[in-house]
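As the structure is a prediction and not an experimental result, all values here were calculated from the model. Counting convention: from 1, in listed order, for ligands and their atoms alike.
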Amino acid sequence: MARGYMGKMLWVDLSGGKLKDEKLDEKLARRYIGGYGIGARVLFDRMKAGADPLGPENILGFTTGPLTGTPALSGTRYTVVGKSPLTGGWGDANSGGWFGAFLKFSGYDAVFFKGIAEKPVYLFIDNGRAELKDASRLWGEDTYATEDMIKAEHGKDTVIACIGPGGEKMSRIAAIVHLKGSVAARSGLGTVMGSKRLKAVAVKGNMKVPVADEKGLKETRARYLATMGGHVDILRKYGTTFTTVPSIESGDSPVKNWDGVAVKDFPDASPIGAEAVAERSQKRIACYQCPVGCEAIMKAGNGEYKWEAGSYRPEYETIVMLGSNCLNNNIESIIKANDVCNRLGIDTISAGAVIAFAMECYEKGIITRKDTGGIELTWGNHKAVVALTEQIGRREGIGDILADGVKIAAQKIGKGAEECAMHVGGQEVPAHNPIATPALTATYLTNATPARHTQGSEEHHNPGLLPEFNQSLYSGRGEAHARGSNFQHALMCSGYCLFVNSAFPTADVIADFIRPVTGWDVTTDDLVETGERIENMRQAFNLREGIKISQFKLAGRLLGKPPQQAGPTAGVTVDEATLVKDYLKAMGWDEKTGKPSRKRMEELGLGDVAKELKL
Ligand code: SF4
């Protein structure tokens with residue numbers, strides 16, 4: 001087995017309570033690296049098409065990459081994979097923190113769960129010894145209490161990823177939380193965990209990740225540390241909140257459920273800006289081995305909203321989804337709602353989207369005060385934002401309808417509510433507007449997990465990575481988009497952090513770390529091809545489920561159809577058809593349906609997959 005891997009996967013059959021070790025095949029690792037790459041191949045091979053995302057046949061995986069748990073700068077990430085209950089297709093979510101590193105220190109590269117446990121359980125792994133433990137006493141507890149209770153039993157050096165009441169009650173926007181705020185949020189995979197009655201995965205260990213060239217890795221680390229630049233200082237000070245005010249002012253952030261204009265409907269973003277958050281922050285924290293440390297914990301909230309000291313700082317996405325998107329400029333209500341989502345295990349992007357959806361339905365008379373149980377769901381009502389996050393996480397009141405995300409909520413409510421539901425293929429749109437950031441348009445509309453902002457685009461600024469293209473045109477960006485996205489898939493699957501990558505002038509940083517860690521002679525071009533294989537594999541998973549790219553649509557208000565009348569993006573209409581068509585062509589996929597071509601699949605070594613799909 002190549003270095004960089006522990007060489008082992010754990011399979012857990014929750015229905016039968018059986019655990020089995022399996023050797024990690026080096027060929028699988030070399031071709032798919034790790035993370036959702038290995039996850040996509042494993043789930044395609046071992047899961048039947050048509051499985052109920054909340055049934056026993058869905059497989060839920062926790063996967064790492066070769067850089068996870070190594071001294072490579074920011075080898076922190078782990079990925080959760082499974083069939084998404086939001087989209088009915090491929091699902092993945094990832095998180096930094098310490099869980100991925102400690103999963104490897106416990107002896108495993110990945111853990112896969114199938115079946116449904118008879119009663120609540122959690123998996124505990126201690127230095128290669130894995131067992132299922134009774135979680136009856138943890139069921140009903142929030143994620144903070146769950147972490148404390150498991151640590152009290154197994155020691156402070158235990159690292160835990162768990163669900164809260166949101167996942168237990170199978171809210172389809174449920175997330176998986178560790179460190180009380182490091183969250184694998186998207187695709188609704190906390191819901192899958194809840195459907196399996198799996199409360200937590202707890203890992204501890206002190207096994208070392210084997211490295212091929214210790215000296216070379218040390219030198220590479222020192223070399224890159226010496227060149228670290230970019231926006232590191234600002235990330236250290238403010239985290240992603242540095243971008244809140246400029247993004248709102250540029251028209252990139254959602255305002256009034258994507259139907260508003262910043263200068264008119266949300267004229268002053270500063271009350272929810274970086275300084276407002278920094279004043280309330282207690283100290284900076286970092287994921288495993290990260291020299292940046294873009295995270296922070298908050299001081300206690302002692303005003304109108306109360307939260308304990310140590311609550312995680314909300315990210316940019318959280319702030320604007322629960323802020324400008326709901327016309328809410330009360331920062332303490334956002335910090336509180338973030339804390340509630342983290343405790344109950346809810347994706348803050350989807351929570352903000354579904355609250356703004358409900359506010360628009362309320363404004364239009366589609367839902368009334370009778371439906372909300374007396375809550376005035378008026379725009380900007382910060383008390384309503386906090387109250388709804390609680391209700392969604394606990395499936396109480398109108399939260400029971402909103403807990404499954406905007407698509408299902410709109411279907412349940414009817415009366416034209418679909419017009420207010422901002423999603424692609426069932427997943428809520430994150431906080432970047434295609435009108436202001438065209439680079440993400442094709443990502444939202446073509447990615448195997450649609451409406452994702454971290455799955456790559458032509459927005460990489462590393463010199464030499466992308467071919468030249470004209471940034472002022474919608475046409476001619478396909479090659480750059482394909483290469484940028486494919487590179488990013490490889491980056492994510494290696495266990496590396498996206499933010500740290502942007503701190504270096506060259507994209508070669510990933511290959512430069514993978515070589516000494518694994519002993520493989522890989523280049524950035526090799527990684528781009530591996531990323532392409534990974535994305536084809538994820539699309540194959542969707543195709544087998546009957547999901548085609550051509551089904552994915554963005555609402556007119558996210559494309560400037562009709563164009564906005566005022567503000568920084570006034571008059572702009574996105575030519576999404578050209579952006580998507582050029583990308584599909586660059587990937588060698590059918591320009592109408594988005595189906596991968598048999599030829600390219602075979603070139604990527606996916607001939608067996610093409611055959612199964614009858615491409
Ligand atoms: S840059 Fe931030 S998110 Fe990325 S590894 Fe470092 S602390 Fe974690």
Side-chain angles (χ1 to χ4, degrees), residues 34-35 63-80 92-105 159 161 175-186 209 220-221 224-225 227-244 274 277-278 281-298 310-319 338 342 347-349 430-431 452-456 460-462 488 490-505 507 509-510 513-514 517:
T63 58
T64 61
L67 300 185
T68 313
T70 72
L73 299 170
S74 93
T76 68
R77 312 299 290 188
Y78 79 98
T79 307
V80 189
D92 59 54
N94 73 85
S95 167
W98 294 67
F99 180 83
F102 274 78
L103 176 57
K104 285 177 79 171
F105 303 158
V159 185
I176 297 161
V177 181
H178 100 99
L179 295 176
K180 305 182 179 179
S182 201
V183 185
R186 307 248 64 201
V209 180
T220 307
R221 184 180 162 92
Y224 274 106
L225 270 176
T227 64
M228 196 160 70
H231 53 300
V232 163
D233 289 344
I234 204 161
L235 263 179
R236 279 187 179 142
K237 189 163 177 197
Y238 299 114
T240 54
T241 72
F242 80 89
T243 193
T244 303
V277 180
S281 302
Q282 187 180 71
K283 67 168 181 179
R284 190 162 67 91
I285 54 171
C287 303
Y288 177 78
Q289 288 282 1
C290 177
V292 176
C294 76
E295 310 275 5
I297 50 172
M298 310 303 290
S311 171
Y312 256 58
R313 176 172 66 195
E315 301 284 350
Y316 155 77
E317 294 274 333
T318 304
I319 291 172
N338 181 56
N342 289 345
D347 175 2
T348 55
I349 292 176
R452 288 288 289 275
H453 63 291
T454 55
Q455 296 272 340
H460 289 273
H461 303 296
N462 310 103
Q488 195 152 311
L491 180 158
M492 302 290 270
C493 293
S494 73
Y496 208 74
C497 174
L498 193 57
F499 296 141
V500 177
N501 174 60
S502 64
F504 300 113
V509 58
I510 312 297
F513 275 120
I514 289 180
V517 166

Distance in Å, Tyr224 OH paired with Leu73 CG, rounded so as to fall on 0.5 Å steps =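 Separation between the atoms: 9.5 Å.
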
Any Val183 side-chain heavy atom under 4.5 Å of Asn342 side chain |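 Contact flag for Val183/Asn342 side chains = yes.
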
Contact atoms of ligand 1, heavy-atom distance to Val500 under 4.0 Å =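 Result: 1 (S).
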
Atoms of ligand 1 less than 4.0 Å from Cys497 heavy atoms?
->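 Near Cys497, the atoms of ligand 1 are 1 (S), 3 (S), 4 (Fe), 5 (S).
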
Tell me: protein heavy atom nearest atom 8 (Fe) of ligand 1, and distance?
->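 Atom 8 (Fe) of ligand 1 sits closest to the protein heavy atom Cys287 SG, 2.3 Å.
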
Which heavy atom of the protein is the closest neighbour of atom 2 (Fe) of ligand 1, given with residue, atom name and distance?
->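 Ranked first by proximity to atom 2 (Fe) of ligand 1 is Cys294 SG, 2.3 Å.
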
Just one of Val80, Asp347, Asn94 clears the side-chain contact (heavy atoms from CB on, under 4.5 Å) bar with Arg186, so which one?
->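 With Arg186 as partner, side-chain contact (heavy atoms from CB on, under 4.5 Å) holds for just one option, Asp347.
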
Nearest heavy atoms of Tyr312 and Met298, plus distance in Å |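 Result for this residue pair: O-CG, 3.8 Å.
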
Please find out if atom 2 (Fe) of ligand 1 and some N, O or S atom of Cys290 are separated by less than 2.8 Å.
->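 No, Cys290 does not qualify, because none of its backbone or side-chain N, O or S atoms lies under 2.8 Å.
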
Got a salt bridge between Arg452 and Asp92, using NZ or NE/NH1/NH2 to carboxylate O under 4.0 Å?
->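 Judged by the 4.0 Å cut-off on N to carboxylate O distance, Arg452 and Asp92 do form a salt bridge.
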
